[in-house]
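Just so you know, ligand 1 is whichever comes first in the structure, and atom 1 is the first atom listed for that ligand. Given the structure is predicted, the values throughout are model-derived calculations rather than measurements.
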Amino acid sequence: MNLTLKIWRQKNASDKGKMVDYKINDVSPDMSFLEMLDVLNTQLIESGDEPVAFDHDCREGICGMCSLYINGEAHGPDRGVTTCQLHMRKFKDGDTIYIEPFRAKAFPVIKDLVVDRSSFDRIQHAGGFVSVNTSGNTQDANAIPINKENADKAFDAATCIGCGACVATCKNSSAMLYVSAKVSQFALLPQGQVEATDRVLNMVKQMDEEGFGNCTNTGACEVECPKGISLENIARMNTEFLKASLKG
Ligand code: SF4
Ligand code: FES
């Protein structure tokens with residue numbers, strides 16, 4: 001396939017940035033999207049140009065680092081996949097592909113397609129953990145029975161990889177899907193109850209301080225989430241928040 005790429009280039013956080021056109025030929029449909037960008041970067045380096053900076057790590061849908069807005073969609077046109085799992089067979093010979101960074105006030109661009117998502121880390125640090133006394137004997141795994149439905153829902157919430165596609169796709173740049181997944185994975189389990197009140201209050205407070213927008217229930221986040229995190233988690237977090245506020 002021969003393609004035209006229109007890629008956001010921005011030297012640093014203070015640079016204005018602009019879209020730049022590139023031609024790339026002989027792209028195999030079996031390449032991943034990131035492999036296609038690797039080929040482009042090899043071309044750029046060989047011709048003495050600056051390669052395009054983009055985030056990646058595991059390249060198998062686990063780490064949440066890859067974060068591209070492709071033809072106006074977070075992680076591109078496929079469903080249930082991250083950018084690293086997107087294949088070039090989803091495009092046609094002669095296509096023009098627009099590639100931009102995830103855009104949100106709380107995700108400032110560092111360079112080209114790389115954004116700073118440390119706001120997510122700060123939300124996680126505010127309460128996305130359980131404190132466990134690890135001294136003495138390890139508790140038997142079967143000592144605390146958990147019903148299957150809650151275990152499954154907690155596990156589903158825990159599959160959130162913190163990629164930020166939910167924020168990038170939301171017209172309000174809301175982080176509610178991400179934060180609600182991180183709250184739900186503990187709220188559904190007995191181990192999460194001890195710190196439940198502080199957790200939801202602190203994580204929501206941090207979310208607001210980071211400058212994410214409000215949720216207006218458009219549901220776009222759920223559609224673009226590569227891990228299928230359900231809007232049900234947002235409803236659960238709202239309930240948890242109300243309960244915690246009434247206690248306070
Ligand atoms: S909720 Fe989905 S889209 Fe949002 S950070 Fe988690 S995995 Fe990514
Ligand atoms: S590079 Fe790890 S999820 Fe894409």
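With ligand atoms numbered from 1 in the order given, ligand 2 contributes 3 (S) to contacts under 4.0 Å with heavy atoms of Gly61. Here is the list of ligand 2 atoms found below 4.0 Å of a heavy atom in Asp57: 1 (S). In the vicinity of Ala165, heavy-atom distances shorter than 4.0 Å reach the ligand 1 atoms 3 (S). Distances below 4.0 Å separate heavy atoms of Cys63 from the following atoms of ligand 2: 1 (S), 2 (Fe), 3 (S). If you number the atoms of ligand 2 from 1 as listed, the ones under 4.0 Å from a heavy atom of Ile62 come out as 3 (S). Listed by atom number, the atoms of ligand 2 under 4.0 Å from Cys58 heavy atoms are 1 (S), 2 (Fe), 3 (S).
Contact annotation: for Thr83 versus ligand 2, there are no heavy atoms closer than 4.0 Å.
Heavy-atom separations between Pro226 and ligand 1 include at least one value shorter than 4.0 Å.
Under a hydrophobic clustering in which Ile, Leu, Val, Met, Phe, Trp and Tyr are joined whenever their side-chain heavy atoms come within less than 4.5 Å, directly or via other members, Phe120 and Val179 fall into the same cluster.
In this structure, the protein non-hydrogen atom closest to atom 1 (S) of ligand 2 is Arg59 N, 3.2 Å. Among protein heavy atoms, the minimum distance from atom 3 (S) of ligand 2 is reached at Gly64 N, 3.3 Å.
Ion pairing between a basic and an acidic side chain is recognised when a charged N comes within 4.0 Å of a carboxylate O; Arg9 and Glu100 show no such pairing.
Among the atoms of Cys225, no N, O or S atom falls under 2.8 Å of atom 4 (Fe) of ligand 1. Coordination check, Cys163 versus atom 6 (Fe) of ligand 1: failed, since every N/O/S atom of the residue sits at 2.8 Å or beyond.
Compare Cys160, Gly64, Ala157 by their heavy atoms: the one nearest to atom 6 (Fe) of ligand 1 is in Cys160.
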For this session: List the steps and the verdict of salt bridge (charged side-chain N to carboxylate O under 4.0 Å, His left out) for Lys227 and Asp156.
Result: CA-CA 8 Å; Lys227 297 298 167 185; Asp156 286 347; over 6 Å; no
